[in-house]
2 protein chains.
Amino acid sequence: MKADSNPCALPASKRESGDDRRIAVAKAARQIIVEKGLEGLRTRDIAARVGINIATLHYHVPTKEALVALVAESIRDDFRVQAMRHPRVGKTGLEQLYMEFDDFREATREMPEVIIILTELVERARRDATVAEIVLPMHRFWRSRFEDIFRLGIADGSFRPDLDPEAGAMITTGALSDSWRRPDTSPSMIEQALAELERAFIRKS
Amino acid sequence: MKADSNPCALPASKRESGDDRRIAVAKAARQIIVEKGLEGLRTRDIAARVGINIATLHYHVPTKEALVALVAESIRDDFRVQAMRHPRVGKTGLEQLYMEFDDFREATREMPEVIIILTELVERARRDATVAEIVLPMHRFWRSRFEDIFRLGIADGSFRPDLDPEAGAMITTGALSDSWRRPDTSPSMIEQALAELERAFIRKS
DNA sequence: TGCCCACTCAATCATTTGATTGATTGAGGT
DNA sequence: ACCTCAATCAATCAAATGATTGAGTGGGCA
């Protein structure tokens with residue numbers, strides 16, 4: 001029996017339930033995408049990493065297209081968990097912005113690979129409608145969240161009255177995802193950017 | 001003789017100079033990258049589009065890696081031409097920011113495909129040192145240009161005294177390239193973002 | 001004229017790669 | 001004990017793909 005990288009549940013069984021296999025496949029695929037990009041994703045490599053035969057892989061995930069969609073769904077699930085972690089009710093706009101920034105810091109720290117995969121998926125979304133349908137809503141959701149924060153913050157006096165919530169959200173998500181994506185961005189530079197974003201939108205006394 | 005898509009110079013000759021061929025190859029490769037992505041780039045397709053044999057292609061560009069590097073250089077050249085078009089001397093920080101914004105509008109209008117290819121190249125730069133060496137300096141150059149503008153603008157009173165030039169440049173280039181890259185960004189949204197960037201950094205009277 | 005060499009092509013190779021086929025295994029139900 | 005079927009694998013296919021080989025071809029120069 002090959003390397004059992006998932007030492008939980010029932011290691012005694014040679015068979016896995018279909019769901020567990022699909023999860024394992026998604027995980028392996030994500031690792032390979034991080035290492036070699038979507039371009040370098042090979043069904044054989046995934047099967048090898050999971051420790052199953054190529055045919056078995058095809059049994060669980062019929063085509064490569066479905067496999068990419070599976071990865072996209074997996075990323076979306078992670079994103080949702082991350083987004084729903086901290087409740088926002090009853091906070092001011094500025095407080096919520098701080099929370100959103102903290103979530104971003106946490107994400108860069110704890111799941112840095114997600115944005116790498118996400119970038120590749122967004123790239124592919126231009127040509128793959130299935131992926132687009134899964135991935136683009138994620139970014140829209142993230143952006144709309146900043147929009148809401150800015151609207152609230154304008155109303156409660158946290159932010160400039162002349163702040164355009166849509167544009168502010170676009171700038172913020174754009175700047176954050178771009179700085180996250182780039183290989184030459186240091187953590188301290190991200191902190192600089194976050195601080196500057198705050199100054200850019202905050203209401204000056 | 002197949003489709004001569006380049007009706008200039010010397011259509012009477014069956015031979016092209018090596019340089020012309022390489023240019024034609026780069027052009028064809030760029031088209032294909034726009035259509036199918038770097039992942040879908042095939043030497044055969046390039047050769048077919050240029051109207052030459054695969055072996056001839058390999059004669060001019062020895063390997064696929066060299067081909068990608070050629071495309072990267074080609075993009076860099078376009079970028080340089082675009083960047084150097086308008087002289088900046090003797091303007092205030094705000095005026096230069098306007099000019100930079102105009103250049104950006106012009107780029108999105110007249111060479112929208114460049115950012116698509118550039119994004120793919122940046123993506124690949126994480127794994128390909130050759131491409132990284134060509135592509136990453138471009139972004140650094142663009143960013144440093146905004147840095148200079150912000151420094152000047154702080155000194156001449158255009159921008160907020162508490163503006164961090166580095167962070168501002170990061171935010172600006174990040175927001176612009178991200179909004180340019182996304183397939184669901186309309187021109188009016190870019191205008192909104194540009195206007196908001198101005199409000200974000202400008203000195204309030 | 002004759003040679004050199006940049007340039008070009010048809011044919012072919014060696015791998016890679018997504019997918020399929022047909023047989024086998026074993027857990028759970030009756 | 002027997003049956004069923006999800007799950008698994010070895011073997012193989014067909015197409016795609018980057019690269020090479022070897023044979024020209026013609027313009028320019030001695």
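What you are looking at is a predicted structure, and each value in this text was computed from that prediction instead of being measured. Chain letters run A, B, ... following the sequence lines, proteins first, then strands; residues in each count from 1.
Checking the phosphate oxygens (OP1, OP2) of C/dC9, no side-chain nitrogen or oxygen of B/His58 falls inside 4.0 Å. Taking 4.0 angstrom as the limit, A/Tyr59 places a side-chain polar atom (N or O) nearer than this to OP1 or OP2 of D/dA7. An OP1 or OP2 oxygen of C/dC9 is reached within less than 4.0 angstrom by a side-chain nitrogen or oxygen of B/Thr56. Note on B/Thr43: every side-chain N or O is 4.0 Å or more away from OP1 and OP2 of D/dT17. Residue B/Arg21 has no polar side-chain atom (N or O) positioned under 4.0 Å from OP1 or OP2 of C/dA6.
Following rounding to the nearest Å, A/Ile54 (CD1) and D/dT8 (C1') show an atom-to-atom distance of 13 Å. The interatomic distance linking A/Glu39 (CD) with D/dT17 (C1') rounds to 13 Å, in whole Å. In this structure, CG of B/Leu57 is placed 12 Å from P of D/dT20, rounded to the nearest angstrom. Atom NE2 in B/His60 sits roughly 12 Å away from atom P in C/dA6 (whole-Å rounding). Summarising the geometry, the separation between CG on B/Leu38 and P on D/dG18 is reported as 12 Å, rounded to the nearest angstrom. Straight-line distance from the CD1 atom of A/Ile46 to the C1' atom of C/dA19: 14 Å, rounded to whole Å. Regarding A/Asp19, its CG atom lies at a distance of 14 Å from the C1' atom of D/dA7, rounded to whole Å. Here the P atom of nucleotide D/dG18 and the CG atom of B/Leu67 are 10 Å apart, to the nearest Å.
Heavy atoms of A/Leu41 sit under 4.0 angstrom from primed sugar atoms or phosphate atoms, though from no base atom.
Along DNA chain D, the nucleotide closest to A/Ala55 and the one closest to B/Pro62 are compared, and the more 5′ of them pairs with A/Ala55. Place A/Asp45 and B/Arg44 on DNA chain C by their nearest nucleotides, and B/Arg44 ends up nearer the 5' end.
Under a 3.5 Å cut-off, the side chain of A/Ser74 and the backbone N or O of A/Leu70 do not form any donor-acceptor pair.
Note: B/Phe150 and B/Phe159 have perpendicular aromatic rings, judged against thresholds of 30 and 60 degrees for the angle between ring planes. Ring geometry, A/Phe79 versus A/Trp142: the interplanar angle exceeds 60°, so the pair is classed perpendicular (tilted spans 30 to 60°).
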* To do: Begin from the C-alpha positions of B/Glu110 and B/Gln82 and carry the test side-chain contact (heavy atoms from CB on, under 4.5 Å) through to its verdict.
  => CA-CA 10 Å; B/Glu110 288 173 24; B/Gln82 167 72 20; 5.8 Å; no
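Of the candidate nucleotides D/dG18, C/dC9, C/dG18, C/dC9 has the atom lying nearest to any side-chain atom of B/Asn53. The side chain of B/Arg42 sits closest to D/dA16 out of C/dG18, D/dA6, D/dA16. Proximity note for A/Ile52 (side chain, C-beta onward) versus C/dA19, D/dC9, D/dG18: the nearest is D/dC9.
B/Ile134 approaches B/Ala69 most closely through the heavy-atom pair CD1-O, 3.8 Å.
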